[in-house]
There are 2 protein chains.
Amino acid sequence: MAKIHELDDLDRQILSILMTDAKMAYTDIAKQLQVSGGTVHVRMKKLEEVGIVKGARLEVDEAKLGYDIISFIGIFLEKSSLYEDVIRQINQIPEVVNAYYTTGNYSIFTKIICKDTDDLRKLLSEKIQAISGIQRTETLIALEERIDRPISLDVKNTQDR
Amino acid sequence: MAKIHELDDLDRQILSILMTDAKMAYTDIAKQLQVSGGTVHVRMKKLEEVGIVKGARLEVDEAKLGYDIISFIGIFLEKSSLYEDVIRQINQIPEVVNAYYTTGNYSIFTKIICKDTDDLRKLLSEKIQAISGIQRTETLIALEERIDRPISLDVKNTQDR
DNA sequence: GTTGAAAAATTCCGCCG
DNA sequence: CGGCGGAATTTTTCAAC
């Protein structure tokens with residue numbers, strides 16, 4: 001479930017560009033990388049086929065939509081065997097945007113985006129704490145998002161012009 | 001820095017669709033929502049102008065690219081006045097994909113994606129710990145990402161057909 | 001990997017409710 | 001004014017080389 005396919009430098013360059021701007025036209029990328037538009041198309045098709053490219057998401061300013069609170073909630077389970085069940089229930093909560101199975105302090109670690117502190121309070125007391133199998137939670141509130149970017153692929157030749 | 005613009009239901013429906021699939025053609029969205037392609041175009045332009053739409057990112061399977069370790073690192077600062085300086089230095093580390101200023105236990109909370117545990121170890125000891133102003137760090141390693149999705153906008157009328 | 005041409009989507013503009 | 005329809009321009013997509 002994590003097979004590494006052979007990618008050449010062109011693949012990585014195309015990915016690098018689209019990872020920060022998925023809407024850029026293939027013809028523009030082609031110009032930038034000095035290849036034909038057809039080539040970019042073929043590469044992307046291959047990358048989609050092997051599952052490296054899973055799709056594209058619009059980046060929105062959540063705060064401008066009224067979602068002001070980003071928080072991380074660490075969840076301790078009563079028994080680790082409850083993991084699947086708890087994840088299933090957490091999945092029902094729309095405000096949860098990420099959930100990870102983790103080592104260390106917590107069993108499950110989640111990222112949550114909600115409208116205000118009242119929303120968060122209700123979410124914790126009425127939704128999260130209500131899930132059976134959860135022992136206790138720890139909440140971390142983010143005041144400011146300072147870095148948000150994709151991973152940077154290292155590309156050998158950046159001698160494009 | 002968080003002004004809420006008036007969005008109608010059509011705006012929210014368009015956003016909802018593109019937030020999960022930014023590559024969907026405007027004409028397809030138009031068909032789905034029973035409006036003309038031109039209308040979708042005008043709405044998106046407005047959403048971009050007011051900054052609600054910031055861009056689009058390709059979603060990639062990091063594991064297939066060899067990036068197997070997702071970890072969260074909480075950073076304690078010696079003095080909170082060092083915040084800006086430390087963020088600036090963290091920003092230089094390509095593996096850092098997110099950084100937040102937080103309340104609670106930590107001062108800075110980061111999400112990091114790297115290739116393997118050895119990479120992570122080096123990152124911690126050679127890059128993070130080397131930043132002056134950092135007192136200590138706490139690391140959380142994610143074994144499995146189970147939920148990864150955008151926020152869900154509530155749309156009044158979903159009577160599209 | 002390229003070229004070129006058909007099909008489709010984007011983008012713009014004048015018109016209508 | 002907000003939405004519509006159509007036309008010009010670009011882009012995507014695919015074949016043959």
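Reminder, nothing fancy here: chain letters follow the sequence lines and each chain counts from 1. These figures come from a predicted structure and were not determined experimentally.
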>> List the residues meeting salt bridge (charged side-chain N to carboxylate O under 4.0 Å, His left out) with D148(A), not counting sequence neighbours, and say none if there are none.
In response: R57(B)
> Quick one: salt bridge (charged side-chain N to carboxylate O under 4.0 Å, His left out) partners of K115(A), sequence neighbours excluded?
Replying inline: none
>> Output the rounded distance in Å from CD (Q34(B)) to P (dC4(D)).
In response: 10 Å
> Does a side-chain N-to-carboxylate-O contact under 4.0 Å join E84(A) and R146(B)?
Replying inline: yes
> Checking side-chain hydrogen bond (donor to acceptor under 3.5 Å, both in side chains) for the pair D85(B)/Q89(B): CA distance, chi angles, key distance, verdict?
Replying inline: CA-CA 6 Å; D85(B) 191 52; Q89(B) 290 180 75; 3.3 Å; yes
>> Restricting to side-chain hydrogen bond (donor to acceptor under 3.5 Å, both in side chains), what partner residues turn up for Q92(A), sequence neighbours left out?
In response: none
>> Going by the rule side chain to side chain contact (heavy atoms under 4.5 Å, CB included), which residues pair with E48(A) if we only count those two or more places apart in sequence or in a different chain?
In response: Y26(A), M44(A), V53(A)
> If every non-hydrogen atom of G133(B) is compared with every non-hydrogen atom of L82(B), which pair is closest and at what distance?
Replying inline: CA-CD1, 3.5 Å
> Between K46(B) (NZ) and dC12(C) (P), how many Å, whole number?
Replying inline: 17 Å
Write out a two-atom table: protein N or O, nucleotide N or O from nucleotides 1-3 of chain D, distance below 3.5 Å.
{"unit_1": "dG3(D)", "atom_1": "OP1", "unit_2": "R43(B)", "atom_2": "NH2", "d": "2.2"}
{"unit_1": "dG3(D)", "atom_1": "OP2", "unit_2": "R43(B)", "atom_2": "NE", "d": "3.0"}
{"unit_1": "dG3(D)", "atom_1": "OP2", "unit_2": "R43(B)", "atom_2": "NH2", "d": "2.7"}

Under 3.5 Å between N/O atoms: give me all the protein pairs with nucleotides 6-12 of chain D, atom names plus distance.
{"unit_1": "dT12(D)", "atom_1": "OP1", "unit_2": "Y26(A)", "atom_2": "N", "d": "3.3"}
{"unit_1": "dT12(D)", "atom_1": "OP2", "unit_2": "Y26(A)", "atom_2": "N", "d": "2.7"}
{"unit_1": "dT12(D)", "atom_1": "OP2", "unit_2": "T27(A)", "atom_2": "N", "d": "3.3"}

> Is the closest basic N to carboxylate O distance between K46(A) and E6(A) below 4.0 Å?
Replying inline: no
